[in-house]
Undergrad: 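Provided herewith is a single structure, encoded as structure tokens, for subsequent inquiry.
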Protein chains: 2
Amino acid sequence: MTHQTVGHRARPGLPDDPLAKVTEPAPSCPVEITLSALHGRWTTLVIRELLQGARTFTELRHALPALSDKVLSDRPAHLTEAGVLDRRRQPGWPPRVHYTLTSHGRRLGPVLQALWDWGAAVTASPPES
Amino acid sequence: MTHQTVGHRARPGLPDDPLAKVTEPAPSCPVEITLSALHGRWTTLVIRELLQGARTFTELRHALPALSDKVLSDRPAHLTEAGVLDRRRQPGWPPRVHYTLTSHGRRLGPVLQALWDWGAAVTASPPES
DNA sequence: CTGAATCCCTGCCGATACTG
DNA sequence: CAGTATCGGCAGGGATTCAG
């Protein structure tokens, strides 16, 4: 399926890594890092928007009209810290800021795809419950 | 609506699906469904544990000693609702409950793998920050 | 043994108002 | 234009206690 080139593994399941044995949500755990990057309402929608190209603050607001200015400001800031986004100020007036995905950010595409596929599969064939 | 076959996709990124155009975190969005299943602290660690086989309440407690009884009870309950887990009571005394991944649950393995890979890649090559 | 009920504390998110 | 400051409501989750 859309199993990208994220590296194949000998066996299914989780990798053979010392961090795979943590018994608490350590911030150094790769899974925690990713979930932390995706954390927060609206976050995945902001990423989806930017997967289609650079966006300014106003363009994001237009694409996601329900977001308050605060969240519209917080999400890109958080994502920039997480290394997902690049923030470029365009000199002059009025101020313009362009948000662009970094190479890391672009690699979130397959991750969101994996999330999408699982949710779609569950919807298509709900469990016994 | 979810007319899709989750098969191959013409282009990278997100699928061509009406739900891909929501402008708010709709609960019917597959991505939201998956994130909702993984939602909550400790959740992914519980799933990781169960990816290695069925576990009882006590076995989970032993594997994840830091969890309070409440969370240790809430997480499997939530995951059962989400169709990830199967809960089987063993008759007799003392009461024993076995938690097992459903077929949907087992399919979370690759999803966690994708999350792991992204986090590991970011750690390996941190951004400009 | 396997939880459910309760209490409290914290952090998220929405709304509104203000600034370089 | 692109945010920051502030306030308040509410849900998540830890600790403790109780129940089948």
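The shown structure was predicted, so the numbers you read here are calculated from the model rather than taken from an experiment. Atoms considered below: every heavy atom in the structure, side chains included; atoms not considered: hydrogens, waters and symmetry mates.
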Undergrad: Please check: side-chain N/O of B:His104 versus main-chain N/O of A:Ser125, any donor-acceptor pairing under 3.5 Å?
TA: yes
Undergrad: Rounded to whole Å, how long is the line connecting atom CG of A:Leu45 with atom C1' of C:dC13?
TA: 15 Å
Undergrad: Any side-chain to backbone donor/acceptor pair from A:Thr102 onto A:Asp86? Under 3.5 Å, distance only.
TA: no
Undergrad: So, using side-chain contact (heavy atoms from CB on, under 4.5 Å) as the criterion, who are the partners of B:Ala120 when residues are at least two apart?
TA: A:Pro30, B:Trp116
Undergrad: Counting only N and O atoms by type, is there a donor-acceptor contact under 3.5 Å from the side chain of B:Arg75 to the main-chain atoms of B:Arg41?
TA: yes
Undergrad: Residues in side-chain contact (heavy atoms from CB on, under 4.5 Å) with A:Ser103, at least two apart?
TA: A:Arg106, A:Arg107
Undergrad: Assign each of A:Trp42 and A:Pro95 to its nearest nucleotide of DNA chain C by heavy atoms, then name whichever residue's nucleotide is nearer the 5' end.
TA: A:Trp42
Undergrad: Classify B:Arg96 by what it touches in the nucleic acid, base, sugar-phosphate, or nothing, heavy-atom distance under 4.0 Å.
TA: sugar-phosphate
Undergrad: Between C:dG3 and B:Arg61, is there an OP1 or OP2 to side-chain N/O distance shorter than 4.0 Å?
TA: no
Undergrad: Can you give the first and last nucleotides of DNA chain D, 5' to 3', that have an atom under 4.0 Å from a heavy atom of chain B?
TA: D:dG13 to D:dG20
Undergrad: Going by atom type alone, with no hydrogens or angles, which donor-acceptor pairs under 3.5 Å involve a side-chain atom of residues 92-101 of chain A and a protein atom two or more places apart or on another chain?
TA:
residue	atom	partner	partner atom	Å
A:His98	NE2	A:Gln90	OE1	3.4
A:Thr100	OG1	A:Arg88	NH2	3.2

Undergrad: Please report, rounded to the nearest Å, how far the C1' atom of C:dA4 is from the NE2 atom of B:His78.
TA: 18 Å
Undergrad: Mind checking side-chain contact (heavy atoms from CB on, under 4.5 Å) for A:Ser73 and listing every partner two or more places apart, or none if nothing turns up?
TA: A:Phe57
Undergrad: Identify the residue among B:Asp74, B:Val84, B:Leu79 that makes a side chain to side chain contact (heavy atoms under 4.5 Å, CB included) with B:Thr43.
TA: B:Leu79
Undergrad: Considering only heavy atoms, which members of residues 62-77 of chain A lie under 4.0 Å from some atom of DNA chain C?
TA: A:Lys70, A:Val71, A:Arg75
